[in-house]
Student: 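First, the structure itself, so that you have it in front of you.
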Amino acid sequence: MNCASQDHHYMAMAARLALRGHGGAEPNPLVGCVIVSPRGEVVGWGYHRRCGGPHAEIVALRRAASKAAAATVYVTLEPCNHTGRTAPCSEALIAANIARVVFARADPSPFAGGGANRLRAAGIKADAFDQCFTAIAVSDAYVHRVRHGTPWVVAKWAQTLDGRIATRSGESRWISNTACRQLVHRERGRVDAILTGIGTVRADDPMLTARGVRLRRIARRVVIDPKLDIPLDCQLVTTTDQAPTIIACCETMLAESCSRAAALRDAGVELIGVPADNSVLRLEQLLRELVARHEITNVLVEAGAGLLGRLFAQRLVNEAWVFIAPLLLGDEQALPCVRGLSVEALTDGLALQLTETRQRGGDVMFRYGVVA
């Protein structure tokens, strides 16, 4: 392999390792690391398993031991250069006598960044390598949160071939098959929060918990409910002992002496007052509040067409998971996947970029990134 091909090969390997940390590493970034000796042998590897635990570079260096000397390190994010929950990875790499460090993207954190310059000052070659899409993408959620102060938002829905998420009567169980639903439950067990609207709560009374899969974390369930209309006996309220529930309402609801707010708090629900325009919550403000209060890095949206439409219209969605079942309804009154956008021309539509395709039984899952 030439140098560029070799860099891509090992960086892709580091990216696959990084993904193993999803659900454990957050709010830290997902990071994978591979150490390659001068003879081309992988002598160490690691990933950031959990927040507060050793970083990917440290795990890989421990595996490599003395073989790390004069080796090349491939890491998906610039090595950190500060003392936080752990010591600086840059200093550990210097102490191990590494010859070269290749990283997929710089760390935008004003606290943790600067590792590459520290390595160069110590005589270690430090190269940015931006030719491996997967290695860059694994830290998208972390980088987005640091740069913008909002979490990475993934919109998910299941639809028929003609773009309907439910019949005209609201029946939607189940459009997607068991394999697709299991994939969603797996993701529920890895994200920080699951967002839905009061309409979905009334229609489906969901639990929004991960079931039948290995849990890496328990997501906070967040409900958009401007007027605190949520039934006190719904599952999201009665199961707060199993998973935290947050209700986002108009801030005026909390400014008043509201017996309903008191009853929800007594049930273990956290209430967040959000500025609203004509009882429509400012969604970006809510997302910022989730970061400020709970360091939320990623949010999975499981909601109806109205809330999805508002999120897309306000450019708050970063990624979409679309599950398509081999089913046609052909009914113009069946419920669409997204509504509320105003588009005069095709060029005014929201552009998405296909990043992954999977077949799960007879269904197909398309994963899209939202083009900025």
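Quick note: numbers below take in every heavy atom, side chains included, and nothing from hydrogens, waters or symmetry partners. Just so we're clear, the structure is a prediction, and the values are computed from it rather than from any experiment.
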Student: Might you work through the side-chain hydrogen bond (donor to acceptor under 3.5 Å, both in side chains) test for Arg211 and Thr209, ending with a clear yes or no?
Tutor: CA-CA 6 Å; Arg211 301 183 294 279; Thr209 54; 2.9 Å; yes
Student: More than 12 heavy atoms of other residues, nucleotides or ligands under 6.0 Å from CD of Gln182: yes or no?
Tutor: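 No.
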Student: The criterion is side chain to side chain contact (heavy atoms under 4.5 Å, CB included); which residues satisfy it with Asp331, sequence neighbours excluded?
Tutor: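 Result, side chain to side chain contact (heavy atoms under 4.5 Å, CB included) vs Asp331: Arg168, Gln333, Ala334.
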Student: Knowing that exactly one of Arg220, Arg217, His294 qualifies, which makes a side chain to side chain donor-acceptor pair (under 3.5 Å) with Asp192?
Tutor: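 Result for side chain to side chain donor-acceptor pair (under 3.5 Å) with Asp192: Arg217.
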Student: Does Arg181 count as lying over the ring of Trp174, i.e. NZ or CZ under 6.0 Å from the six-ring centre, within 45 degrees of the axis?
Tutor: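 Ring-cation test returns yes.
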Student: In chain order, what residues pass the ring-ring contact (aromatic ring centres under 6.0 Å, His included) check against His185, with sequence neighbours excluded?
Tutor: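 Result, ring-ring contact (aromatic ring centres under 6.0 Å, His included) vs His185: none returned.
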Student: Using a 4.5 Å cut-off between side-chain heavy atoms of Ile, Leu, Val, Met, Phe, Trp and Tyr, which other residues end up in the same hydrophobic cluster as Val371?
Tutor: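 Via sub-4.5 Å side-chain contacts, Val371 links to none.
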Student: Tell me every residue that passes side chain to side chain contact (heavy atoms under 4.5 Å, CB included) with His8, counting only those two or more places apart in sequence or in another chain.
Tutor: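 Counting only residues at least two positions away or on another chain, His8 forms a side chain to side chain contact (heavy atoms under 4.5 Å, CB included) with Phe129, Cys132.
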Student: Mind checking side chain to side chain contact (heavy atoms under 4.5 Å, CB included) for Ala248 and listing every partner two or more places apart, or none if nothing turns up?
Tutor: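 Applying side chain to side chain contact (heavy atoms under 4.5 Å, CB included) to Ala248 gives Ile224, Val274, Leu281, Leu286.
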Student: Ring pair (Phe, Tyr, Trp, His ring centres under 6.0 Å): which pairs involve residues 28-49, sequence neighbours left out?
Tutor: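 For residues 28-49: His48-His55.
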Student: Is Val102 reachable from Ile136 through a run of hydrophobic residues whose side-chain heavy atoms are each under 4.5 Å from the next?
Tutor: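 Shared cluster, no.
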Student: Counting distance only, does the side-chain N/O of Arg216 pair as donor-acceptor with the main-chain N or O of His22 below 3.5 Å?
Tutor: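 Yes; at least one donor-acceptor contact below 3.5 Å.
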